[in-house]
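In what follows, chains carry the letters A, B, and so on, assigned in the order in which the sequence lines appear, proteins first and then strands, with residues in each chain numbered from 1.
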2 protein chains.
Amino acid sequence: MSLSHALLGLLAVAPASGYELTKEFEQEIGRYAWQAGHTSIYPELGKLAARGLVHVTHEGARGAKTYDVTDEGREELRSWLLQPPNPTATVRNEQVLRMFLLSALEPADQRLMLTRIAEHTGRAATELRAVVATETPGGGPRAGFGRLAGEFGIRQYEAVHEWALWALDHIAEDGQA
Amino acid sequence: MSLSHALLGLLAVAPASGYELTKEFEQEIGRYAWQAGHTSIYPELGKLAARGLVHVTHEGARGAKTYDVTDEGREELRSWLLQPPNPTATVRNEQVLRMFLLSALEPADQRLMLTRIAEHTGRAATELRAVVATETPGGGPRAGFGRLAGEFGIRQYEAVHEWALWALDHIAEDGQA
DNA sequence: ATTTAACATGTCAAGAATGACATGTTGTCA
DNA sequence: TGACAACATGTCATTCTTGACATGTTAAAT
């Protein structure tokens, strides 16, 4: 399961509580890579602890439990990460699905959708570029993490932006996608 | 649910059997947008038929059932597609997750992974470019569909390729992601 | 004639994810 | 002092997805 590896990976960069991990999943990792809410994170942390891949290093205020990866967990994470690309890897993206189904719409609706997509991704790329530019080099424990993710996101938005512009051009030509 | 809309969308472009839809999901749509196997497709077609969004237009050899979208189904599809971007849209991508967890590895392993990613995406982009270039304009019923998806895929691979090269550069600098 | 591959559909148990519900704490502002 | 927002964890029923199993047909090659 990928969620377990996502948690292992985040904890390997820096120990954290379930609550902090939940917030992490609201950032880039959840937007581009893997979504998860606290209702799946908490039970999964429990299972990882039961398997000896993570452990609670200390309990803080409000019942907060800080988890850290064990050596065994780090081993498991490394072997998963270094595996060759899995051809049956999970892929699920509702937004991209919408784009792929464009051809099912009338040309006028297609243009409407593509224009929206182009605008949205253009804006998103610009905003993200600004955020990444202002990030202090060597900030928090996940600074490198955020930088990599940010650069990934920028390129992602730009790619979709370029695609939407290209598609608009080609639909305009003959009224067909 | 997105699977129902994916099926509705594919059928809206051209009527098809469950078997044909299953093969469709092994192509670009399954690789970039939404995965599904026949074990989820067949029951879902049944549910869509029960809701009156699709119907069987005729039964062919080997028990094959050809489905088509009803007016109601087309309506439902259109309203789903034209919805504003959903901030809680499902996102799940195992490959991208691996990239995001790079920081959890030692610099040497990071470089290994990034080099692999760069090579793989570079090759994939080139191959896909060749496939798209040789596609006959105005081929089958889903020709436009394949073209859009192909162009999307090319840009996707290129974006990840560029990102991996950028990341390799930055890790090389100071041994940190 | 037989075998094999591709065609074609289906069920069902097990596992994963979501959304609704539930509970209690700590710090801050009025 | 009281209210509120943010902190922090959890359960559970429902829904969705996967993988194993099951069944039968048609066309082509041997």
Legend entry - Neighbour count >12 (heavy atoms, 6.0 Å) for atom CD, A:Glu106: no

Inset, instruction - May I ask you to decide if A:Leu148's main-chain N or O and B:Trp163's side chain share a donor-acceptor pair within less than 3.5 Å? - result: yes

Legend entry - Phosphate-side-chain proximity, A:Lys23 and D:dA8, N/O vs OP1/OP2 below 4.0 Å: no

Legend entry - Closest to side chain of A:Arg62, choosing from D:dG10, C:dA17, C:dT26: C:dT26

Inset, instruction - Take atom CD of A:Gln35 and atom P of D:dT17, then tell me their distance rounded to the nearest Å. - result: 13 Å

Inset, instruction - Map A:Gly37 and B:Glu20 onto DNA chain C by nearest heavy atom, then report which one ends up closer to the 5' terminus. - result: B:Glu20

Inset, instruction - Take the protein atom NZ of A:Lys65 and the nucleotide atom C1' of D:dC7, then report the distance between them rounded to whole Å. - result: 15 Å

Legend entry - Whole-Å gap separating P (D:dT14) and CE (B:Met1): 17 Å

Legend entry - Nucleotide nearest B:Thr39 when distance is taken to its side chain, options C:dA16, C:dT9, D:dG19: D:dG19

Inset, instruction - List the steps and the verdict of side-chain contact (heavy atoms from CB on, under 4.5 Å) for B:Leu101 and A:Ile29. - result: CA-CA 9 Å; B:Leu101 299 183; A:Ile29 193 166; 4.1 Å; yes

Inset, instruction - Say whether, by atom type as modelled, one donor and one acceptor occur between the side chain of A:Thr70 and the main chain of A:Leu53 under 3.5 angstrom. - result: yes

Legend entry - Value in whole Å for how far the C1' atom of C:dT23 lies from NE2 of A:His38: 11 Å

Legend entry - A:Leu21 CG to D:dA8 C1', straight-line distance once rounded to whole Å: 12 Å

Inset, instruction - Would you kindly give the CG-to-C1' distance between B:Leu3 and C:dA17, to the nearest whole Å? - result: 15 Å

Legend entry - Qualifying residues under side chain to side chain contact (heavy atoms under 4.5 Å, CB included), relative to B:Thr126, sequence neighbours excluded: B:Arg129

Inset, instruction - Can you tell me the distance, in whole Å, between the CH2 atom of B:Trp34 and the C1' atom of D:dT17? - result: 10 Å

Inset, instruction - Could you please name the option among C:dA17, D:dT9, C:dA6 that lies closest to any side-chain atom of B:Arg92? - result: C:dA17

Inset, instruction - Using whole Å, report how far CG of A:Leu45 lies from P of D:dT11. - result: 12 Å

Legend entry - Any A:Tyr42 side-chain nitrogen or oxygen under 4.0 Å from OP1 or OP2 of D:dT9: yes

Inset, instruction - Remember a base hit wins even if backbone is also touched, and classify B:Thr22 as base, sugar-phosphate or nothing at under 4.0 Å, heavy atoms. - result: nothing

Legend entry - Contact nearer the 5' end of DNA chain C, comparing A:Ala61 with A:Glu44: A:Glu44

Legend entry - Residue-phosphate contact under 4.0 Å: A:Tyr19 side-chain N/O, D:dT9 OP1/OP2: no

